[in-house]
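Since the structure comes first, as structure tokens, the remarks are kept for the end.
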Number of protein chains: 2
Amino acid sequence: MPSIRDVARLAGVSHQTVSRVLNDHPSIRVETKQRVLDAIRQLDYRPNAAARALVTSKLNLIGILSASVGEFGPTASIAAIEEAARSEGYSATTLNLPDTSPEAIGAAVRQLLREQVDGIVVIAPQVRVFHVLRGMAIDVPFVSLQTSSGQGSDSVAADQLEGARLATQHLIELGHADILHLSGPQDWIEADSRMRGYLQALRDADLPTIPPIRGDWTADFGHYAGRELARRQDFTAIFAANDLMAIGLMHGFRDAGIDVPGDVSVVGFDDIPVAAHVWPPLTTVHIDFAELGRRAIARLLATLRGADDDVPQREAPALVVRDSAATRR
Amino acid sequence: MPSIRDVARLAGVSHQTVSRVLNDHPSIRVETKQRVLDAIRQLDYRPNAAARALVTSKLNLIGILSASVGEFGPTASIAAIEEAARSEGYSATTLNLPDTSPEAIGAAVRQLLREQVDGIVVIAPQVRVFHVLRGMAIDVPFVSLQTSSGQGSDSVAADQLEGARLATQHLIELGHADILHLSGPQDWIEADSRMRGYLQALRDADLPTIPPIRGDWTADFGHYAGRELARRQDFTAIFAANDLMAIGLMHGFRDAGIDVPGDVSVVGFDDIPVAAHVWPPLTTVHIDFAELGRRAIARLLATLRGADDDVPQREAPALVVRDSAATRR
DNA sequence: TTGTAAGCGTTATCAT
DNA sequence: ATGATAACGCTTACAA
């Protein structure tokens, strides 16, 4: 593995000059520069990142802390974050949280810090994670993603509350008055935002609220809930906090002989790729998770570079109307 | 940021002794060790990875090269790979290929090499990627995932051919004789394996083959194909190369008034989380992608450590029978 | 069991 | 515009 000195020798200059070429220092003769560049190519020289990191004390690495393996949104965001980071000259390392216990979070952050990350993007939709994080006094900048409630300049979010409001309003406009909400898990910020959007829409329309059902995001739970709910008669529409649960829900209703949207209207959230193809095609809320990821990096790098950042904090959701919700007869 | 010397000073030993403690060298007095450990805790000292990497010329970093953003299987594997790598003391960096052109692949590998990875896991199901990779003479070990055809000790794979054979055989056992295959894209190794499994099952049963339809893995394509296929009468069952296409297919058939499984039986592949909840519940092939990821790391680390590896190369798929395929009347 | 010295490949600083 | 020299924080010899 050739070093900077090998290049210097071949080009007939000092290693320092090579370093200047590498970091394109302004004052260097073009001719010299060319000689160095040739030598670099000839030796297939690649700068040693570790040595560079040692002296600059910057690894140009950003850490991604994710507490939601496999969820649709986060996964889409992570890929975008990695790509955006690389295009800015950083590399990225992802760490998936095994659970959201304070210990696990602490260990994960320490691990990332040990790996010398310059900044951290947190994709941890659980409220609890944030409490722990705030109490940790992390010595690198970090931004959080997906937290509609995590105010402050350190977060980037889709306006999930607005999306939920849109979804619920849509049901109201279809003539529904008794709308149930199948929410996400207690601890999740997104679950909370989506529920708040739902409640707000009902309040705005002076409609009564029914105590929401707590789900766990899975289609299996939705399926179970659908079968249970089939016995109740106190609602004509359901807003599920995500598509997976909505699809499971429709399955449960089908098992119970309840027609969607004939008997009950269903709306989901996320617009996962199959949403358009299930039966009936699912009306849902679309969010651009990749854009969210890109924005998180923009925000983090702005902080890292000490620049003023005017990265938009909120991303607008869009209602996608399909067939799973219909006018109340 | 405290260094090893600060710790040494506080503990009243030489920095070398601290280094010994850090790498738990055998010969060191427990008492001394304790003093050092206390100092470390007290200063919140964290070893500088860059300095260590510089001298050992190992970053303990493994690179993940992925050419399949968002596909269900790969995504599940990636998370498992990261986790497995970390539990072995390595960190991981993921790089998503924007496209599979030789240039993009070359650039990605160079990038990873520049980031000083010790090894690379390739999740690139396209045949082409492998040709390029083989021609590159990469100077770190690499293993590939998901390639049922990429023989040699450098790959870990689910036996997709076997899974496809199972799926097709299931249709045959149900009494179908005219079975169509909706395959994945031309270039994909997995698409090829799944098609070969399909063909083998037909051959074993002395059944005629129908030219397969080339899909692109998306539910949208499945939907389109379903509508087109509705006009044909030359088949009674379809084996789709993945669940997304299978679900789209059923959507298309539904649009055309064709009943699944009444008129046509459908089988998918992957067992994605909604597979059980769509209508009709999808009969499919389950593969443990996470296990595959873990195995890839085991394999890579074995190579890295020069150990003999007896990591199983093949992972058995399982047929999951639901309702989308039924006996031919 | 512990300490001392050298060096890993860069960049920063000061000369020239 | 270029070069010499000193760090950066650690590990690997070698010595005691």
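The sequence lines fix the lettering, A, B, ..., with proteins before strands; numbering per chain opens at 1. Only a predicted model underlies this, so the values are computations on that prediction, with no experimental measurement involved. Hydrogens, waters and symmetry mates are skipped; everything else that's a heavy atom, side chains included, is used.
More than 12 non-hydrogen atoms from other residues, nucleotides or ligands lie less than 6.0 angstrom from CD of A:Gln126.
OP1 or OP2 of D:dT2 lies within a sub-4.0 Å distance of a side-chain N or O belonging to A:Thr32.
Salt bridge B:Asp187/B:Arg128: present, at least one basic N to carboxylate O contact under 4.0 Å. For the pair A:Arg295 and A:Glu291, the salt-bridge criterion is met [side-chain N within less than 4.0 Å of a carboxylate O]. Salt bridge present: B:Arg9 and B:Asp6 bring a charged side-chain N and a carboxylate O closer than 4.0 Å.
The residue B:Ile28 sits close only to the backbone: its heavy atoms come under 4.0 Å of sugar-phosphate atoms, none of a base. Using a 4.0 Å heavy-atom criterion, one finds that A:Thr17 contacts the sugar-phosphate atoms exclusively.
Rounding to whole angstrom units, CG of residue A:Asp6 and P of C:dT10 are separated by 9 Å. Between the P atom of C:dT10 and the CG atom of A:Leu59 lies a distance of 15 Å, rounded to the nearest Å. When the C1' atom of D:dG9 is taken as reference, atom CD of A:Gln116 falls 10 Å away, rounded to whole Å. Computed from coordinates, the B:Arg35 CZ to C:dT2 C1' distance equals 11 Å when rounded to whole Å. Atom P of nucleotide D:dC8 and atom CG of B:Leu54 are separated by 14 Å, given to the nearest angstrom.
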Given the rule in the side-chain contact (heavy atoms from CB on, under 4.5 Å) test, do B:Ile297 and B:Tyr90 qualify, once you have shown the distances and angles that lead to the verdict? CA-CA 10 Å; B:Ile297 285 297; B:Tyr90 286 75; over 6 Å; no
For a quick check, with a 4.0 angstrom heavy-atom cut-off, what is the B/S/- contact string for nucleotides 10-16 of chain D, read 5' to 3'? BBB----
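Rounded to the nearest 0.5 angstrom, B:Glu83 CD and A:Leu95 CG are separated by 9.0 Å.
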